[in-house]
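One structure below.
Letters A, B, ... mirror the listed sequences (proteins, then strands); counts begin at 1.
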Amino acid sequence: MARVVVDVMLKPEILDPQGQAVQRALPRLGFEGIADVRQGKRFELEVQGPVDEAALARIHEMAETFLANTVIEDFTVRVES
Amino acid sequence: MARVVVDVMLKPEILDPQGQAVQRALPRLGFEGIADVRQGKRFELEVQGPVDEAALARIHEMAETFLANTVIEDFTVRVES
Amino acid sequence: MSLDTVKHAAETPDTAQPWAELGLKQDEYERIRAILGRRPTGAELAMYSVMWSEHCSYKSSKVHLRQFGEKAPENDALLVGIGENAGVVDVGQGYAVTFKVESHNHPSYIEPYQGAATGVGGIVRDILAMGARPVAVMDPLRFGAADHPDTKRVLPGVVAGIGGYGNCLGLPNIGGEVVFDPCYQGNPLVNALCVGVMKHEDIHLAKASGAGNKVILYGARTGGDGIGGVSVLASETFDATGPAKRPAVQVGDPFQEKLLIECTLELFREHLVEGIQDLGGAGLSCATSELASAGSGGMRVELDTVPLRDATLSPEEILMSESQERMCAIVEPGKVARFMEICEKWDVIATVIGEVTEGERLEIFWHGEQIVDVPPRTVAHEGPVYERPYARPSWQDELQADDANKLPRPASSDELREQVLKVLASPNQASKSWITDQYDRFVQGNTVLAQPEDSGMVRIDESTNLGVAVATDGNGRYTKLDPYTGAQLALAESYRNVAATGARPLAISNCLNFGSPEDPGVMWQFAEATRGLADGCLALGTPVTGGNVSLYNQTGETAIHPTPVVAVLGVIDDVNRRTPMAFTEQGQLLYLLGETHEELGGSAWSQVIHDHLGGLPPRVDLEREKLLAEILIAASRDGMIDAAHDLSDGGLVQALVESCLRGGNGARILVPEGLDPFVFLFSESAGRAVVAVPRSEELRFTDMCGARGLPATRIGVVDGESLEVQGEFGISLDELRSAHQGTIPALFG
Amino acid sequence: MTARVGVVTFPGTLDDRDTQRAVRIAGLEAVPLWHRDKDLKQVDAVVLPGGFSYGDYLRAGAISRFSPVMESVIEQAKAGMPVLGICNGFQVLTETHLLPGAMLRNNHLHFICRDQKLRVENADTAWTADYRAGQQISVPLKNIDGRYVADERTLDELEAEGRVVFRYLDGNPNGSLRDIAGITNAAGNVVGLMPHPEHAVEPLIGTGRTDGLGFFTSLLKKLVNS
Ligand SMILES: Nc1ncnc2c1ncn2[C@@H]1O[C@H](COP(=O)(O)OP(=O)(O)O)[C@@H](O)[C@H]1O
Ligand SMILES: [Mg+2]
């Protein structure tokens, strides 16, 4: 079975308090040098059958209509090697 | 500035109610052929300075102690090209 | 792969078995062999080991808990007593209420969010299994020092877990406790309480009867949760390729539980369930053996039919799995189809896994082969019973001799004022709203009172306004100083809290959190505390309906303070008559009910100002508590008081500040003749409450107190924008508010 | 004959029974609607109540949006039927794009439960006619995903068209842009808000205020007058 990964991140202009909270905590934990942190979602899909153009197109549609809310989020789809 | 991505996923043996809810919804939306869905977190870190061995080691430590809860989660660290 | 069948076990009596790794003692293992007349199979060994564990069998505590039955007061209200999933109390108008408090201490230290979340989930299923709709939850919590770095890991996780799970279930959180003490540093206490309501005829019990009836497992699929220990066994039984490492941590799915609640209530409504049991600790082992043990007849289970999340689980692991959000029901064959329809409606997976049989054995099969053949009672109800040795610790006398009443006291009014603010701002006395605001207290639309009121109160009938109130209390410091008295103080405070809101206390539940029973000193604390609680319940007329014992709460050799948490349930005929704690109107007269003695042992003042624990806790007078409660209830019923607030840790000044801040009004206070202002403000004498009396009711109220012999002292009046203690100091509401409300957000926000 | 108000139950809905009670207290008939049924049972209006439908997994409201009942609700909403989304219901309405924008995790990342003061900005919708524009009301707020966001253009449009219906007062509880607590569609029949009017309808319960009753009496007037 093939794995397809969909990454969903908030659009750059949308405030990401979770990422900010992580970033703010880092120096306290002794980690310096991280200029920015954004937190998003990662979906791992196990696909039955071949992951061809058609399958990827369907997954793209699924991401666009369901896994991501494109009002606030961007997404990428990729096949994991 | 370089970007390092930390992916955090629930360990395979741990219940993932979110992934399950997504998977169960897919057929209703007309998407067939997805055997399993797992949902995790994706952190995008913007790193100041060079992303050398030392920097990656620190990020690895950060992921282990802070970004992931290793009681229930696994993580991977990679430099994004 | 060799399956350890019953037949195989009989043929190979000498096979070595990992009973010690599973926590069994040699004599316990021998007893299992004697019961079965052969060595147990791997699956049987797994079942016995987990069902005979301290957690499931109460083997160390049983001999002491018996008193709760033996000394039970006559009480017609008790419909179902100790022994079932939860006790059930008659609250009138055909309604019954069930409630119980349970611990999830150890899991919450390892994984605070999931540990606390699944603690809520577990207690809610207990209540559901009685036939009741869960209507509210509460969460008595204990953490290490507030400023310790690990508390910053544990507390936010626990609070988020309780909120995350309870909020998602739609159960209002109506109260609880948050206490900090270094003794809980490596062993926080996460107790969770749930209350449920049903009609008398809807009470369900956990028993399997009627040969031919089906055993249905429904809810979540079974995964490898919480079976860390049993993997030892699996890897023994299986070949080198044995199963992967199993998580000891259970993960909750509150959405699934919400479906389970609605689905189960619909099953009850259509009378489709003969017997029912939730799956909690020890999973299917516990559910099947308890159902079979409590019923008539035996049970046969085909383990292969259990829906799995992880196909590699061994039969032992399936029996042990503590996957959450599952229930087991006994259903007549003719009703199975309808049962399945309702489960389908709620998207709940349901599977017939076996049936009730004529015999007297619990028989479990795997791929057609028998792997379990046991008398269920020997697993579920006839486990080992220990008479653990106990002895008063050698340090107890010294601790009690270290009298807190001799500690240096404030030398001036300024210093007294300073100490008032300091105690008020200390983590234990500070406002917990940063925590409780993370809990939904409005959902279900029946919440009459919730934190920070003395008790939570929910309406249970919209047409008659019948309601119930619940409070939980426990003071580990008092109990350390004197376990017998400490347990009674916990009972008395909780009882008083319920009465303060106008409800009549009916019954109690408890969660007894102690250290290792193998330590005779701890065992003495336990014995004393249970004795105190049983005697106290007899005196107050409030039976123990159930509860939970959590032992081994310690870090290395050091036990936590003995911490019995007592939950009292009360009933109020008309929630319109409830008494809130706020001073809402200027001019209300303030009366202190009860007597103030010089009692500072274990007090908040001694902890905050002197970091001291010693002496004796406040004295208990249960007759006085009863009288006080009667007065508070009568005053509420007859509309004689506008507000009431019980006095406990922090003393009078704490109660005054809380009621002032809640109502947004100040108070002018007069120190009664002959009383030291410091003692007046900080003593923690029991059996007291402060009430606000409208001027028009003063005479009627004082006459009532006088006639019944309850000391009632007029101590002041609601007035102005500050707390003025005449001749001593004044503090503005703003200053009080920032002292009281700033601490917890500053630590955890 | 009184007006019929449908109250939808999704798996994980919590405030359905409370909403039905509020509808009844206001003198309307409450009609339970089930997520799997397309049939709206001839109701005159629909409320999508609060809760955690589908556990709020993926995103709040994201899965419920695709339920059969929503097909009918969307259709009827577009045809002018009054629809109110409370909390999770508001989240469903933004996910269906009946209302613009989206709801995100509170900026402080915690669940928050409190009595919340609001200003009614628009008293012309189907659900707010019994209030005055500018009126201040207090109703309970309880959520973790309550931060309203939309792009600047959408926000400007909402403001210009008077479609911001409620604004938070005395401190923004979650980082919502422009203190927005609730909005309406262009026609004014679809309203969504995060706070819970159905929990402020009885003097003794919850916060003890009845400021939320106006939502349901507004609807009653509208339905009876039309
Ligand atoms: N963890 C908690 N969850 C819910 N309510 C809490 C919690 N901790 C404290 N409370 C509430 O805060 C109020 C004050 O608590 P506390 O000071 O312990 O009460 P008391 O000592 O008077 O019994 C009570 O209403 C109590 O129920
Ligand atoms: Mg109290």
Side-chain angles (χ1 to χ4, degrees), chain A residues 1 3-29 31 34-48 55-80, chain D residues 53-67 70-71 74 88 90-112 143-158 172-180 183 185 192:
Chain A
M1 218 160 345
R3 170 175 297 174
V4 175
V5 173
V6 179
D7 287 322
V8 177
M9 300 296 294
L10 283 172
K11 293 188 174 184
E13 66 270 22
I14 304 262
L15 175 71
D16 171 17
Q18 286 175 313
Q20 284 192 349
V22 170
Q23 196 199 337
R24 257 180 284 137
L26 290 179
R28 265 191 282 125
L29 303 176
F31 299 109
I34 306 293
D36 192 24
V37 179
R38 309 273 299 167
Q39 178 175 339
K41 296 176 198 160
R42 172 186 165 93
F43 298 91
E44 294 183 354
L45 314 177
E46 304 298 330
V47 182
Q48 286 163 333
L56 278 176
R58 275 189 314 126
I59 292 174
H60 199 276
E61 191 197 332
M62 182 196 302
E64 176 144 21
T65 54
F66 183 54
L67 296 181
N69 177 350
T70 53
V71 173
I72 43 172
E73 294 167 327
D74 294 327
F75 66 91
T76 59
V77 176
R78 68 201 146 76
V79 185
E80 194 155 273
Chain D
S53 61
Y54 290 97
D56 273 2
Y57 297 144
L58 185 57
R59 290 181 308 281
I63 301 181
S64 309
R65 160 202 172 184
F66 291 101
S67 58
M70 283 309 296
E71 284 179 41
I74 291 169
N88 199 230
F90 186 18
Q91 292 157 342
V92 173
L93 290 174
T94 58
E95 284 283 339
T96 58
H97 308 301
L98 280 171
L99 293 175
M103 225 62 72
L104 283 170
R105 183 68 26 123
N106 295 339
N107 58 355
H108 46 77
L109 304 177
H110 294 296
F111 188 95
I112 182 167
N143 62 57
I144 190 165
D145 291 313
R147 176 167 53 110
Y148 182 75
V149 298
D151 58 40
E152 284 298 309
R153 213 178 41 116
T154 306
L155 292 170
D156 289 342
E157 205 172 285
L158 287 172
N172 184 327
N174 49 29
S176 285
L177 295 176
R178 304 198 191 177
D179 297 336
I180 289 176
I183 57 174
N185 64 346

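- In this structure, chain A has no heavy atom under 4.5 Å from any part of D/His108.
- Using a 4.5 Å heavy-atom cut-off against chain D, the contacting residues of residues 68-78 of chain A are A/Ala68, A/Asn69, A/Val71, A/Ile72, A/Glu73.
- D/Arg59 places a side-chain N or O within 3.5 Å of a backbone atom of A/Leu67 that can act as its donor or acceptor partner.
- One N or O on the side chain of D/Arg147 and one on the backbone of A/Leu15 form a donor-acceptor pair closer than 3.5 Å.
- Proximity to chain A is limited to the side chain of D/Leu109, based on heavy atoms less than 4.5 angstrom apart.
- Of the two parts of D/Ile63, the backbone and the side chain both hold a non-hydrogen atom closer than 4.5 Å to a non-hydrogen atom of chain A.
- Residue contact with chain A, scored on non-hydrogen atoms closer than 4.5 Å, is absent for D/Asp151.
- Only the side chain of A/Lys41 has a heavy atom closer than 4.5 Å to any heavy atom of chain D.
- For a residue to count as touching a neighbouring chain, one of its non-hydrogen atoms must lie under 4.5 Å from one of that chain's; by this rule A/Phe43 touches chain D with the side chain only.
- For the atom pair CG of D/Leu104 and CG of A/Leu10, the computed distance is 5.5 Å after rounding to the nearest 0.5 Å.
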